[in-house]
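One structure below.
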Amino acid sequence: MLSGADMIVRFLQDEGIEYIYGYPGGAALHIYDALFRQDKVKHILVRHEQAATHMADGYARASGKAGCVLVTSGPGATNTITGIATAYMDSIPMVVLCGQVASHLIGEDAFQETDMMGVSRPIVKHNLSVRSPEEIPMVLKKAFHLAQTGRPGPVVVDIPKDMTTPNEKFAYEYPKRIKLRSYSPPTKGHAGQIRKAMEMLQSARRPVVYAGGGVILGKSSELLVRLVRELNIPIVQTLMGLGCYPASDRQALGMLGMHGSYEANMTMHNSDLVLALGVRFDDRVTNGTEKFCPGARIVHVDIDPASISKTVQVDVPIVGPLSSVIPDMLEALKEVGPHKDKDALAAWWKQIDTWRKHHGGRFVEQVGEIIKPQYAIQMLHKVTNGDAYITSDVGQHQMFAAQYYGFDKPNRWINSGGLGTMGFGLPAAMGIKLHYPEAEVACVTGEGSIQMNIQELSTCKQFDLPVKIININNQRLGMVKQWQDMNYEARHSHSYMESLPDFMALARAYGHEGITIRKASELEAGLEQAFAMKDKLVFVDIYVDPEEHVYPMQIARGAMKDMWLSKTERV
């Protein structure tokens, strides 16, 4: 017999939740008291509730399991909204437990009351409210089941305070199984459509695989590698899909889209068949949808039927999890046989190699002592042997990290793709380091983004989270300035950070180490020094060329082939 609060904590234990991230307050205090009276579920006290959601998000992206958050009602709950929306846009599993005022006060504008169900509805996979203490185990089981199955996403659970009263006890039983009548994610793709797709691929003259975050979420990266190598065709990856196929492999053309590689965008534009796996054809990939891949037929595989033909009409839709569809594709390939026109495929690879040679994979050469941000990322890759977990905030530094780090493994590139959330990088890195303490974890950020959640340096000290912060400091809101340079005749409206802290001194004030690097000749040694301090958080403040832009950059509303390759070269 347990109280509602004790049921919540016992359920988290039974569900295998090791850490919960949060911030206490009146409506959640019964739950916090229950947490105090046990030691299996560990609570991480953040300094702002937004950081709690990003910590849970970072853990979820790295592990594939749902992160869990606990906050109080009113402002505690509403402070999680940005983090919930971040997870929703990128289909990240998360369960957010929100305290609520007592049920008899709901609708009375009570102290710290907010309609969290209504506020969160547009940005959750689902939300649930506890109506009686007896139903707490089943409600929580539904929340975790919904968050982690099908197309993953965040689930909010609203818990009125009177549902957790300590002196009211009820029978507790952990629900080992659950079945929701109106919720049945697909488990297999259509065999006929899969066979048709493979026949089209083996007859295509200029095929390409377009892979996204769904491959990683579906734990299907190894299967993808087998398929792509079996087909011997090029592969491009979305921002969210980086690492689902090794960047160092010959068949990998890098990221496509707004800041994708020249060869990736040219290959997509000139293809005659696109095999889209776990992608959603978002605007940062397609550019002008009416001009997208004009000569290509499209096969689209996704677990969410709502994503298929949502923005781009496809020729062969396949609804199902990649973990079962790709093995079925490999089986179908055995029946279909080898490619029908190997000369055409060889000519396609020859053309792709010409595009690769033309632009050289984006590389910007470091000259002199002014540090190029691209060089900083290349050096980060060298010092970490390309094997770190890299989180990022949003802006130029994010794109440079995506372009230049070269991810060979899935779940190592952790960034806010869909929502583009500044302030994401540091708490996401914290969530990863907490669960993978022996791994190298680096947050690539900028002087604007890092200040969004810089208070979490205090949390890092309390819970001993020695992440490495790589601050690409151009003293500007870099991406905003780039757009102003290109589209607003260099009218830099509020994009200059004219008052910045001494980040090294600030890091030390929080009890950490700081290193400032201003010269290219100091970069490698400075980064090696930072990563040598295994048990310390090190804030590495790297001053880079403030005039550098991210290229390639697609020309707005054009085709994928329409790009700026530099400030003066346009194709």
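Quick caveat, the model's predicted, so the values are computed rather than measured.
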Determine, stepwise, if the pair Phe503 / Gln451 fulfils side-chain contact (heavy atoms from CB on, under 4.5 Å).
CA-CA 10 Å; Phe503 286 113; Gln451 294 186 85; 4.2 Å; yes

Step-by-step side-chain hydrogen bond (donor to acceptor under 3.5 Å, both in side chains) determination, Gln112 to Thr72
CA-CA 9 Å; Gln112 291 194 333; Thr72 192; 4.6 Å; no

Kindly determine whether Met430 and Glu456 satisfy side-chain contact (heavy atoms from CB on, under 4.5 Å), including the steps that lead there.
CA-CA 9 Å; Met430 293 160 58; Glu456 298 309 316; 3.7 Å; yes

Could you give me the CA-CA distance, side-chain angles and deciding distance for Asp387 and Lys409, then say whether salt bridge (charged side-chain N to carboxylate O under 4.0 Å, His left out) is met?
CA-CA 8 Å; Asp387 198 34; Lys409 297 178 183 178; 2.8 Å; yes

Evaluation steps, side-chain contact (heavy atoms from CB on, under 4.5 Å), between Ile469 and Val538
CA-CA 6 Å; Ile469 298 172; Val538 185; over 6 Å; no

Could you walk me through whether Glu547 and Lys481 satisfy the salt bridge (charged side-chain N to carboxylate O under 4.0 Å, His left out) test, starting with their C-alpha distance in whole Å, then the side-chain angles of each, then the deciding distance to 0.1 Å, before giving a yes or no?
CA-CA 9 Å; Glu547 302 305 320; Lys481 177 186 175 293; 3.0 Å; yes

Tell me, with the steps shown, if Met255 and Ser261 meet side-chain contact (heavy atoms from CB on, under 4.5 Å).
CA-CA 6 Å; Met255 184 173 69; Ser261 71; over 6 Å; no

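Open room surrounds CG on Asp39; 12 or fewer heavy atoms of other groups in view lie less than 6.0 Å from it. Summarising the local packing, OH of Tyr496 is surrounded by more than 12 heavy atoms from other residues, nucleotides or ligands at distances under 6.0 Å. The environment of Ile370 atom CD1 is sparse: at most 12 non-hydrogen atoms of other residues, nucleotides or ligands sit within 6.0 angstrom. Counted within 6.0 Å of CZ on Arg557, heavy atoms from surrounding residues, nucleotides or ligands total 12 or fewer; the atom is thus considered open. Counting heavy-atom neighbours within 6.0 Å of Gln462 CD, excluding the residue itself, gives a total above 12.
Between Tyr405 and His381, the ring-plane angle classifies as perpendicular under the 30° and 60° cut-offs. Note: His549 and Tyr551 have tilted aromatic rings, judged against thresholds of 30 and 60 degrees for the angle between ring planes.
When all heavy atoms of Cys68 and Leu12 are compared, the pair lying nearest together is SG-CD2, 4.0 Å. Contact record, Pro246 with Arg229: CG-NH2, 4.4 Å, taken as the closest heavy-atom pair. Annotation for Ala520 and Gln366: closest pair CB-NE2, 3.5 Å, computed over non-hydrogen atoms. Considering all non-hydrogen atoms of both residues, Gly446 and Asn471 come closest at C-OD1, 2.9 Å. Shown here for Ile470 and Leu380, the closest heavy-atom pair between the two residues is CG1-CD1, 4.2 Å.
Ion pairing between a basic and an acidic side chain is recognised when a charged N comes within 4.0 Å of a carboxylate O; Glu18 and Lys40 show no such pairing. A salt bridge does not link Arg570 to Asp562: none of the charged side-chain nitrogens sits closer than 4.0 Å to a carboxylate oxygen.
To the nearest 0.5 Å, atom CG of residue Leu35 and atom CD1 of residue Ile20 are 6.0 Å apart. Here the straight-line distance linking atom CD of Glu263 with atom CH2 of Trp355 works out to 10.0 Å at 0.5 Å rounding. Rounding to the nearest 0.5 angstrom, the gap separating the NE2 atom in His512 from the CE atom in Met533 is 12.5 Å. Expressed to the nearest 0.5 Å, how far CE of Met553 lies from NZ of Lys567 amounts to 13.0 Å. Note: Leu253 CG to Met266 CE = 12.5 Å, rounded to the nearest 0.5 Å. Going from atom NE2 of His259 over to atom CZ of Phe400 covers 9.0 Å, rounded to the nearest 0.5 Å.
The salt bridge (Lys or Arg N to Asp or Glu O under 4.0 Å) pairs that include a residue from residues 500-512 number zero, where partners must be two or more places apart or lie in different chains. Applying the salt bridge (Lys or Arg N to Asp or Glu O under 4.0 Å) test to residues at least two apart or on different chains, the pairs with a partner in residues 429-441 are Glu440-Lys534. Listed by first then second residue, pairs satisfying side-chain hydrogen bond (donor to acceptor under 3.5 Å, both in side chains) with a partner in residues 415-427 read Thr86-Thr421, Gln398-Asn415, Ser416-Thr421, not counting sequence neighbours. Residue pairs meeting the salt bridge (Lys or Arg N to Asp or Glu O under 4.0 Å) criterion with at least one partner in residues 46-58, sequence neighbours excluded, are Asp57-Arg61. Listed by first and then second residue, the ring-ring contact (aromatic ring centres under 6.0 Å, His included) pairs that reach into residues 52-95 are His54-Phe424, Tyr59-His435, sequence neighbours excluded.
With sequence neighbours excluded, the residues forming a side chain to side chain donor-acceptor pair (under 3.5 Å) with Glu524 are Lys382, listed by chain and number. Residues that satisfy the side chain to side chain donor-acceptor pair (under 3.5 Å) test with Lys219, not counting sequence neighbours, are absent from this structure. A search for side chain to side chain donor-acceptor pair (under 3.5 Å) contacts involving Gln484 returns Ser495, not counting sequence neighbours. Shown here are the side chain to side chain contact (heavy atoms under 4.5 Å, CB included) partners of Ala252, two or more places apart in sequence or in another chain: Ile235, Gln237, Tyr245. Asp33 is linked by a side chain to side chain donor-acceptor pair (under 3.5 Å) to Arg37, counting only residues two or more places apart in sequence or in another chain. A search for ring pair (Phe, Tyr, Trp, His ring centres under 6.0 Å) contacts involving Tyr23 returns nothing, not counting sequence neighbours.
Residues Gln482 and Gln396 bring a donor and an acceptor atom of their side chains to less than 3.5 Å of each other. Checked by atom type, the side-chain pair Arg151/Ser307 shows a donor-acceptor distance below 3.5 Å. No side-chain donor from either of Asp541 and Thr516 sits under 3.5 Å from a side-chain acceptor of the other. Using modelled atom types and a 3.5 Å distance limit, the side chains of Asn453 and Gln455 yield a donor-acceptor pair. Remark: the Gln374 side chain and the Gln403 side chain contain no N/O donor-acceptor pair separated by less than 3.5 Å.
Judged by distance alone, the side chain of Gln475 and the main-chain N or O of Met497 form no donor-acceptor pair under 3.5 Å. With Glu15 contributing its side chain and Phe144 its backbone, the two residues share no donor-acceptor pair below 3.5 Å.
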Less than 3.5 Å apart, which donor and acceptor atoms pair up between the side chains of residues 210-217 and the rest of the protein, not counting sequence neighbours?
unit_1, atom_1, unit_2, atom_2, d
Tyr210, OH, Phe281, N, 3.4

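When Ile371, Ile542, Leu527 are each tested for a side-chain contact (heavy atoms from CB on, under 4.5 Å) with Met379, only one passes: Leu527.
Between Tyr32 and His43, the distance separating the two ring centers is shorter than 6.0 angstrom.
Remark: Arg518 qualifies as a cation-pi partner of Tyr543 under the 6.0 Å distance and 45° angle criteria applied to the six-membered ring.
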